[in-house]
Amino acid sequence: MRSDDTIFATASGHGRAAVCIVRISGPQSWTILNTLGGSVPEPRRAAVRILREPGSGEPLDQALILWMPGPRSFTGEDQAELHIHGGLATRAAVLKVLGTIPDCRPAEAGEFTRRAFLNGRMDLSQVEGLADVIDAETEAQRRQAMLQLEGRLGDTAERWREEILQALALLEASLDFSDEGDVPEDLEADILQRLDRLHVEIGRALANRSGERLREGFTVVLAGPPNAGKSTLLNALARRDVAIVSPIAGTTRDVIEVHCDLGGLPVVVVDTAGLRESGDLIEQEGVSRARARAQDADLVLWLVPPEGEETDPPAARRLLRVGTKADVSRDRDDCDLVISASTGEGLADLITALEHEAETALGQGDALLTRERHRRALERAHHSLAAGRALLETGGPIELAAEEARLASRAVGEITGRVDVEDVLDRLFSSFCIGK
Ligand SMILES: Nc1nc2c(ncn2[C@@H]2O[C@H](COP(=O)(O)OP(=O)(O)OP(=O)(O)O)[C@@H](O)[C@H]2O)c(=O)[nH]1
Ligand SMILES: [K+]
Ligand SMILES: [Mg+2]
């Protein structure tokens with residue numbers, strides 16, 4: 001796969017559609033437009049053309065074409081777009097012709113964005129932001145992803161890296177002084193103050209996990225004894241028949257997940273097996289999976305049926321007691337909420353409570369870190385800043401303090417992909433669809 005090939009791909013999904021966008025990037029872009037369209041329009045001005053097959057001149061389609069010369073294009077290379085009709089035959093005919101153009105080939109998954117990154121059009125955190133914009137299922141996720149795509153994390157990381165490098169420069173300058181005796185107090189104080197400020201700011205960013213949680217979604221596990229009404233509630237929240245409901249205790253065995261958008265926040269609702277002792281091996285496996293999921297959940301709804309509960313609630317980070325089958329019996333003073341999943345009574349209050357719980361945990365998309373990768377890099381930078389500061393404060397070797405500052409700047413540099421990210425690149429770009 002040559003990186004100077006011209007690549008092409010449809011970038012508007014699969015299947016029949018009114019319009020299909022074919023994206024092209026690389027040195028042959030201009031030639032392709034000129035060959036298929038007969039002439040190339042002004043840069044960045046759409047023009048209608050009849051696309052023709054080279055050689056025979058056979059008309060392929062009437063299309064809108066765009067010419068975007070690099071480096072001010074998405075990939076930083078010469079780019080073209082063909083907005084053709086979205087019929088399967090038209091799409092196939094145009095792609096077939098493109099495949100016959102010398103040094104032109106179908107793009108790999110994420111290859112347009114990879115070229116944008118390699119050409120410096122976006123940093124790695126922006127690439128991740130773009131992936132999250134495409135994957136966003138709720139308003140809060142979209143908002144957070146847009147902030148990252150616009151560069152909020154990358155710009156902050158670059159500012160931190162600059163400030164660490166400034167402190168490093170002062171440390172190296174103070175090395176000259178130390179040969180002749182002590183480092184001037186005010187210089188040392190200045191460096192310490194810089195390291196301190198960075199350590200506090202990065203520590204604050206690390207303390208906020210809501211960004212990662214928002215990407216993963218807020219998990220709510222429905223737990224309770226058999227026949228408490230868990231599956232009925234799951235179906236009511238999902239507004240469709242996802243789980244089997246029956247009067248037979250022990251109906252649900254497998255864990256069943258449903259992704260909901262509650263108030264713009266991603267909430268994963270998980271139905272589980274009724275908790276009880278059972279001689280049935282399969283049900284026992286269901287019960288142990290139920291306990292495990294409850295333990296990991298952000299919130300457990302412990303469903304309490306009118307006839308009371310024989311089993312104790314599972315271990316959970318946070319638990320709300322929900323009285324079920326309110327249409328059968330309403331007075332449930334031992335519960336936080338009372339609902340009837342069958343009649344819908346109390347469901348609006350339950351959903352409001354879930355939105356509140358999710359909003360408290362996930363925030364509204366204002367966190368800086370959104371991936372484990374960011375966290376690991378910043379934790380290393382945070383540790384090195386603390387180590388460098390301790391060395392300075394205890395009169396340790398300045399060379400070692402400088403080395404800690406160097407490690408901190410490298411760790412922060414990983415966030416934007418300025419350093420050491422080879423292994424991340426393949427995994428990240430292969431997660432994109434073709435044409436992105
Ligand atoms: N009257 C009334 N019956 C309900 C309500 N919710 C569930 N049921 C009934 O209770 C029985 C059990 O419901 P499920 O949703 O299967 O209960 P479950 O907790 O998932 O049961 P297991 O999967 O066996 O643990 C079914 O017959 C439901 O129709 C309710 O709000 N009111
Ligand atoms: K049941
Ligand atoms: Mg069930």
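Order of listing sets the numbers, starting from 1, for every ligand and every atom in it.
- Heavy-atom proximity to V328, at under 4.0 Å, picks out these atoms of ligand 1: 1 (N).
- Ion pairing of D298 with R213 is present here, as a side-chain N (NZ or NE/NH1/NH2) and a carboxylate O approach within less than 4.0 Å.
- Taking the charged nitrogens against the carboxylate oxygens, R321 and D336 have no contact shorter than 4.0 Å, which rules out a salt bridge.
- Ranked by closest heavy atom to atom 26 (C) of ligand 1, the top entry among P306, S246, P305 is S246.
- Distance check for V245 against the K ion (ligand 2): none of its N/O/S atoms falls below 3.4 Å.
- Remark: ligand 1 atoms within the under-4.0 Å shell around heavy atoms of A249 are 24 (O).
- Contact analysis puts I248 in contact with ligand 1, with a non-hydrogen atom separation below 4.0 angstrom.
- Using a cut-off of 4.0 Å between Lys/Arg side-chain N and Asp/Glu carboxylate O, R215 and E128 are scored as not salt-bridged.
- Of all heavy-atom pairs between I50 and P59, the closest is CG2-CB, 4.0 Å.
- At least one N, O or S atom of N227, from either the backbone or the side chain, sits less than 3.4 Å from the K ion (ligand 2).
- Close contacts of ligand 1 with G250, meaning ligand atoms under 4.0 Å from a residue heavy atom, involve 24 (O).
- Listed by atom number, the atoms of ligand 1 under 4.0 Å from S340 heavy atoms are 30 (C), 31 (O), 32 (N).
- A donor-acceptor distance shorter than 3.5 angstrom exists from the side chain of N119 to the backbone of T75, with no hydrogens or angles considered.
- In terms of protein heavy atoms, atom 21 (O) of ligand 1 is closest to N227 N, 3.0 Å.
- When only interatomic distances are considered, the shortest N/O to N/O separation between T232 and ligand 1 falls below 3.5 Å.
- Side-chain atoms of E372 and H374 form no donor-acceptor pair, as typed in the model, at a separation below 3.5 Å.
- The residue from T343, I244, D327, T272 that puts a heavy atom closest to atom 1 (N) of ligand 1 is D327.
- D271 and S231 are linked by a side-chain donor-acceptor pair at a separation below 3.5 angstrom, with hydrogens and angles left out of the test.
- Within ligand 1, the atoms closer than 4.0 Å to a non-hydrogen atom of G229 are 7 (C), 13 (O), 14 (P), 15 (O), 17 (O), 18 (P), 19 (O), numbered from 1 in the order shown.
- The pair R380-E414 counts as a salt bridge, with a side-chain nitrogen and a carboxylate oxygen less than 4.0 angstrom apart.
- Taking 2.8 Å as the threshold, S231 counts as a candidate ligand of the Mg ion (ligand 3), since one of its N, O or S atoms lies below it.
- Using bins of under 30°, 30° to 60° and over 60° for the plane-to-plane angle, the ring pair W67/W30 lands in the perpendicular bin.
- Atoms of ligand 1 lying under 4.0 Å from any heavy atom of A228, numbered from 1 in the order shown and given with element: 19 (O).
- Under 4.0 Å is where a charged nitrogen must lie from a carboxylate oxygen, and between E58 and R52 no such pair does.
- The closest protein non-hydrogen atom to atom 25 (O) of ligand 1 is K230 NZ, 2.8 Å.
- Residue, atom and distance of the protein heavy atom nearest to atom 23 (O) of ligand 1 are T252 OG1, 2.8 Å.
- Taking 4.0 Å as the cut-off between side-chain N and carboxylate O, E111 and K436 do not count as a salt-bridged pair.
- Judged by distance alone, the side chains of T6 and Q28 never bring a donor and an acceptor atom under 3.5 Å apart.
- Atom 28 (C) of ligand 1 has as its closest protein heavy atom V245 CG1, 3.7 Å.
- In summary, S231 places no N/O/S atom under 3.4 Å from the K ion (ligand 2), failing the contact criterion.
- The pair R142-E139 counts as a salt bridge, with a side-chain nitrogen and a carboxylate oxygen less than 4.0 angstrom apart.
- Of the angles at the K ion (ligand 2), the one spanning OG1 of T251 and O of S246 is 90° when given to 10°.
- Of all the listed residues (P226, A236, S231, P225), S231 holds the heavy atom that lies closest to atom 20 (O) of ligand 1.
- At a 3.5 angstrom cut-off on N or O pairs, A341 counts as close to ligand 1.
- Using a non-hydrogen distance threshold of 4.0 Å, G224 does not register as a contact of ligand 1.
- Metal site remark for the Mg ion (ligand 3): T232 contributes no N, O or S atom at a distance under 2.8 Å.
- Considering backbone and side-chain atoms together, A326 places no N or O closer than 3.5 Å to any N or O of ligand 1.
- The option with the heavy atom closest to atom 8 (N) of ligand 1, from among R253, E345, E283, K325, is K325.
- With respect to atom 30 (C) of ligand 1, the closest heavy atom belonging to the protein is S342 OG, 2.8 Å.
- Residue contact check: G274 has heavy atoms under 4.0 Å from atoms 25 (O) of ligand 1.
- Checking D280 against S278 by side-chain atom types alone, no donor-acceptor pair falls below 3.5 Å.
- Checked by atom type and distance alone, the side chain of Q144 pairs as donor or acceptor with a backbone atom of G211 at under 3.5 Å.
- Salt-bridge annotation for E357 and R318: present, with a side-chain N of the basic residue lying under 4.0 Å from a carboxylate O of the acidic one.
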